[in-house]
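A, B, ... follow the sequence lines: proteins, then strands. Residue 1 opens every chain.
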Amino acid sequence: MVMKSNSPGEVWILAEQADGMIRGTAHGLISKGRQLADDLGTKVSALCFGHDVAGVEGLIACGADRVYLVDDPDPVNHDEESCARELVALIRHHQPAILLASASLWGSSLIPRVAAALETGLAANCTALEIDLESKLLMQTRSALGGNVLATMECPEKRPQMATVRPYAFKRGAADQSRQGEIVRVDPEKQPVTSRTRLLNVINDLDQKVKLEEADIVVCGGRGLGKAENFNVIAELAKVLGAALGSSRPPVDDGWIAYSHQIGQTGRSVAPRLYIACGISGAPQHVAAMQTSEIILAINEAPQAPIFEVATYGIVGDLFKVVPMLTARFRELRG
Amino acid sequence: MNVVVCLKQVPGKFKIEIDPQTGTLVKGGTDNMINPFDMNALEEAMRLKEKHGGKVSAISMGPSEAKESLREAIALGADEAVLLCDPAFDGSDTWATSHILSLGIRKLGQPDMVICGRQTIDGETGQVGPELAEMLGLPFVSCVSRIEEVAEGHVKMQRMAEEGHHVVEMQLPGVISVVKEINVPRLPSLRGLMQSKKASITVWNARELGVDVAMVGSKGSPGRLVKVSRPQRSTRQELLQGSLESQVEQLIGKLREAKIL
Ligand SMILES: Cc1cc2nc3c(=O)[nH]c(=O)nc-3n(C[C@H](O)[C@H](O)[C@H](O)COP(=O)(O)OP(=O)(O)OC[C@H]3O[C@@H](n4cnc5c(N)ncnc54)[C@H](O)[C@@H]3O)c2cc1C
Ligand SMILES: Nc1ncnc2c1ncn2[C@@H]1O[C@H](COP(=O)(O)O)[C@@H](O)[C@H]1O
């Protein structure tokens with residue numbers, strides 16, 4: 001690629017894949033990237049590490065001008081170090097202005113390596129990104145201090161300007177199947193892969209089919225459930241809705257449910273289409289990690305509970321009455 | 001097995017004051033403590049030492065008050081503690097913080113393992129661990145929930161993954177970050193408390209570390225804080241009214257409208 005010296009540099013998006021499918025998080029990133037690129041007058045490229053990845057055309061339909069399909073240097077491990085090395089080489093060569101990636105477990109671990117190697121800044125887990133039209137810099141906004149503040153960061157000199165994005169914080173725009181884009185296959189120079197980490201086994205112990213970060217609906221229980229067995233009450237609702245099951249921190253601390261279900265500052269972040277909070281008070285550490293959900297339904301018996309301040313809809317009442325009613329009605333509706 | 005634990009002193013209580021004119025943070029918090037995940041990091045380091053011998057070094061970059069947290073680390077069993085402290089470090093972003101820490105760790109001598117917390121509760125980035133690994137030229141595994149086995153030159157462990165857990169093997173030396181699932185941190189022993197009172201905390205400044213001050217602090221960091229604000233609460237909230245039955249029906253109507261059902 002020939003770069004004009006005055007070209008602003010492209011917006012790049014790391015499109016993550018899992019089991020050969022582009023992950024849902026990528027679409028919102030592309031839509032956001034498109035918006036930023038339009039403000040800068042530049043192009044959007046998506047990068048994907050994988051072999052035969054399905055769903056690449058979807059990235060173009062969502063706004064990518066180009067997709068780089070990078071042959072995974074270590075497809076079995078999907079090794080972070082070798083992917084980082086490859087990404088660094090591509091960035092040095094093409095010099096994008098901006099790189100965005102999902103703050104998934106993989107992205108949060110891989111992308112800082114890339115930023116460190118390029119000696120550039122990186123804003124973590126952003127929930128808002130925009131171009132300052134005067135300075136043309138990327139304004140990166142993220143939650144900090146236990147969800148009590150929003151901090152806006154910029155990276156004035158070093159390039160690229162890098163950010164990881166809270167999974168699903170940006171909504172996918174309308175897809176246009178007629179959009180044209182280029183697919184470029186990149187074969188990394190065949191250096192021998194020397195992975196220093198090796199995946200030995202995958203333990204599927206979440207005991208649920210729906211992954212939390214990917215779920216359209218999350219049903220989340222808090223201390224209001226009272227005891228471990230009562231998770232059944234909301235698990236039933238989750239099952240009927242095809243939802244993933246989450247928890248606030250106290251049930252995890254008390255051993256009612258595994259840590260992998262914890263939503264919050266020290267757990268996972270989610271932004272599903274529907275978030276149902278059952279018996280959760282709405283502490284900042286919890287709210288910070290779910291408040292970008294499209295619709296939040298709170299069920300709590302205390303009308304003054306702070307969760308109602310972030311909720312789209314609130315039902316004041318005993319969850320042991322409300323949840324089974326909801327479950328029964330949804331079951332009827334879903335046949 | 002020589003282990004370096006990176007620990008940060010963080011506010012135990014957030015008391016936020018923002019200057020509305022400049023958007024700068026006037027006050028962040030009080031009641032300093034060791035970042036909770038870093039307590040898990042320290043505990044795991046202690047367990048590795050008890051099993052495999054060696055020593056545990058605690059390292060922190062921060063203001064001189066952070067000595068108190070390092071003293072606590074000694075009370076909990078760390079063999080030595082180092083504070084990287086210089087006015088020039090103020091306002092460092094994660095790149096600069098990792099850079100300073102990497103020089104401190106190098107100066108301590110090559111450890112077998114560096115253990116970080118998954119993230120801090122004030123900065124909340126989780127970036128320092130992987131950035132540090134890159135700067136030290138070491139492999140990295142994030143969100144470790146269990147160390148299964150340490151053998152010649154490698155460690156086998158479980159890490160959090162989207163679908164549950166992954167079992168991974170990492171060559172040593174290497175860097176890991178840990179989640180709280182990994183252990184329950186111990187309380188300090190009486191003997192530890194006594195020792196920590198007399199223990200000396202090593203302090204290294206920019207010159208002693210060989211840090212180029214143009215590359216750190218608020219001026220030298222690649223990333224800059226533009227402003228802080230309070231999170232906006234949504235204005236769309238609606239408490240549903242009427243009998244429970246009618247509230248449930250209203251809700252179903254809304255969810256249908258939003259095409260969620
Ligand atoms: C460093 C740090 C990190 C943290 N990280 C996290 C985190 O990642 N995730 C997290 O969630 N928290 C986290 N917390 C804890 C957080 O501050 C709160 O303590 C926690 O979120 C409260 O959980 P809860 O809402 O389930 O419980 P509570 O605050 O006890 O609320 C329970 C609610 O249930 C309601 N209730 C009780 N019975 C019923 C009933 N029968 N029907 C309906 N409602 C009922 C009550 O009215 C109450 O509002 C963290 C705290 C700290 C200090
Ligand atoms: N100033 C610091 N001094 C020592 N360790 C730190 C410091 N900042 C971050 N860390 C380590 O890096 C981890 C991740 O921090 P962060 O990237 O700020 O979320 C923490 O849990 C610590 O182990």
**Student:** Less than 4.5 Å to any heavy atom of chain B: does that hold for the side chain of A123(A), its backbone, both, or neither?
**Tutor:**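 Just its backbone gets close to chain B.
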**Student:** Is it the backbone or the side chain of N77(A) that comes under 4.5 Å from a heavy atom of chain B, or both, or neither?
**Tutor:**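 Contact with chain B involves no heavy atom of N77(A) at all.
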**Student:** If we only count heavy atoms from C-beta on, is the H99(B) to E119(A) side-chain gap below 4.5 Å?
**Tutor:**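 The answer is no, as the side chains (C-beta and beyond) never meet within the 4.5 Å cut-off.
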**Student:** Hey, does Q262(A) have a side-chain heavy atom less than 4.5 Å from the side chain of E181(B)?
**Tutor:**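 Not in contact.
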**Student:** Any non-hydrogen side-chain atom of V149(A) less than 4.5 Å from a side-chain atom of F14(B)?
**Tutor:**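 The answer is no; the side chains never approach within 4.5 Å.
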**Student:** Taking V316(A), L145(A), T164(A) one by one, which has the highest count of heavy-atom pairs under 4.5 Å against chain B?
**Tutor:**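 Option with the top pair count is L145(A).
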**Student:** Counting neighbours of CG on D19(A) that are heavy atoms of other residues, nucleotides or ligands and sit closer than 6.0 Å, is the number greater than 12?
**Tutor:**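 Atom CG in D19(A) is not packed in, count stays at 12 or less.
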**Student:** So I121(B) and Q285(A), do their side chains get closer than 4.5 Å, heavy atoms only?
**Tutor:**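 No, their side chains stay 4.5 Å or more apart.
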**Student:** Under 4.5 Å, counting heavy-atom pairs only, tell me which of E154(A), R196(A), E157(A), M162(A) racks up the most with chain B.
**Tutor:**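 Heavy-atom pairs under 4.5 Å are most numerous for R196(A).
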**Student:** Can you confirm whether K156(B) sits close enough to R198(A) that some side-chain heavy atom of one is under 4.5 Å from a side-chain heavy atom of the other?
**Tutor:**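 No, side chains not in contact.
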**Student:** Select one option (side chain, backbone, both, neither) describing which atoms of S108(A) are under 4.5 Å from chain B's heavy atoms.
**Tutor:**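 Looking at S108(A), just its backbone touches chain B.
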**Student:** Please assess R159(B) against S109(A) for the test side-chain contact (heavy atoms from CB on, under 4.5 Å), listing each intermediate value before the final yes or no.
**Tutor:** CA-CA 12 Å; R159(B) 78 186 302 189; S109(A) 179; 3.9 Å; yes
**Student:** Side chain, backbone, both or neither: which part of S104(A) has an atom under 4.5 Å from a heavy atom of chain B?
**Tutor:**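 Backbone plus side chain of S104(A), per the 4.5 Å heavy-atom cut-off to chain B.
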**Student:** At a heavy-atom separation under 4.5 Å, does S143(A) approach chain B through its side chain, its backbone, both, or neither?
**Tutor:**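 The answer is both parts of S143(A).
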**Student:** For a 4.5 angstrom cut-off between non-hydrogen side-chain atoms, does T125(B) reach R142(A)?
**Tutor:**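 T125(B) vs R142(A): side chains touch.
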**Student:** Atom CD in E134(B), atom CD in E81(A): separation rounded to 0.5 Å?
**Tutor:**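 Going from the CD atom of E134(B) to the CD atom of E81(A) covers 7.0 Å.
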**Student:** For a quick test of reading the model, state the closest non-hydrogen atom pair linking E124(B) to A144(A) and the distance between them.
**Tutor:**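 Between these two residues, the closest heavy atoms are OE2-C, 3.2 Å.
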**Student:** Could you walk me through whether Y313(A) and Q247(B) satisfy the side-chain contact (heavy atoms from CB on, under 4.5 Å) test, starting with their C-alpha distance in whole Å, then the side-chain angles of each, then the deciding distance to 0.1 Å, before giving a yes or no?
**Tutor:** CA-CA 10 Å; Y313(A) 306 114; Q247(B) 290 187 43; over 6 Å; no
**Student:** Side chain, backbone, both or neither: which part of E213(A) has an atom under 4.5 Å from a heavy atom of chain B?
**Tutor:**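 The answer is the side chain of E213(A).
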**Student:** Could you look at L172(B) and say if it's the side chain, the backbone, both or neither that has a heavy atom under 4.5 Å from chain A?
**Tutor:**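 No part of it gets close to chain A.
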**Student:** With only heavy atoms counted, which part of R23(A) is less than 4.5 Å from chain B, the side chain, the backbone, both or neither?
**Tutor:**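 The side chain, not the backbone.
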**Student:** Using the rule given for side-chain contact (heavy atoms from CB on, under 4.5 Å), can you reason through R329(A) versus E249(B), listing the C-alpha separation, both sets of side-chain angles and the distance that settles it, and then say yes or no?
**Tutor:** CA-CA 9 Å; R329(A) 277 297 278 138; E249(B) 289 317 310; 2.6 Å; yes
**Student:** Does any heavy atom of chain A fall under 4.5 Å from the side chain of E245(B), the backbone, both, or neither of them?
**Tutor:**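 Both parts, heavy atoms under 4.5 Å.
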**Student:** Distance check, rounded to the nearest 0.5 Å: L333(A) atom CG versus I252(B) atom CD1?
**Tutor:**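 Those atoms lie 5.0 Å apart.
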**Student:** Side chain from CB out, backbone as N, CA, C, O: work out which of these in N148(A) comes under 4.5 Å of a heavy atom of chain B, or both, or neither.
**Tutor:**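 Both parts, backbone and side chain.
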**Student:** Counting only heavy atoms closer than 4.5 Å, note whether M139(A) contacts chain B via side chain, backbone, both or neither.
**Tutor:**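 It is the side chain, since no backbone atom gets that close.
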**Student:** Distance from L122(A) atom CG to Q127(B) atom CD, nearest 0.5 Å?
**Tutor:**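 Interatomic distance, L122(A) CG to Q127(B) CD, rounded to 0.5 Å: 3.5 Å.
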**Student:** Between L137(A) and V226(B), is the side-chain contact (heavy atoms from CB on, under 4.5 Å) condition met? List the steps.
**Tutor:** CA-CA 11 Å; L137(A) 290 174; V226(B) 182; over 6 Å; no
**Student:** Using a 4.5 Å cut-off on heavy atoms from C-beta on, say whether the side chain of L326(A) contacts that of L251(B).
**Tutor:**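 Yes, side chains in contact.
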**Student:** Nearest heavy-atom pair of T120(A) and W95(B): which atoms, and what distance?
**Tutor:**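 Shortest heavy-atom separation between T120(A) and W95(B) comes out as O-CD1, 3.9 Å.
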**Student:** So what's closer than 4.5 Å to chain B heavy atoms on E80(A): side chain, backbone, both or neither?
**Tutor:**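 The side chain, not the backbone.
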**Student:** Quick one: what part of L297(A) sits under 4.5 Å from any heavy atom of chain B, side chain, backbone, both or neither?
**Tutor:**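 When you check distances to chain B, only side chain atoms of L297(A) fall under 4.5 Å.
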**Student:** Let's test your reading of the structure: which of R230(B), M170(B), K254(B), M135(B) forms the most heavy-atom pairs below 4.5 Å with chain A?
**Tutor:**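 Option with the top pair count is K254(B).
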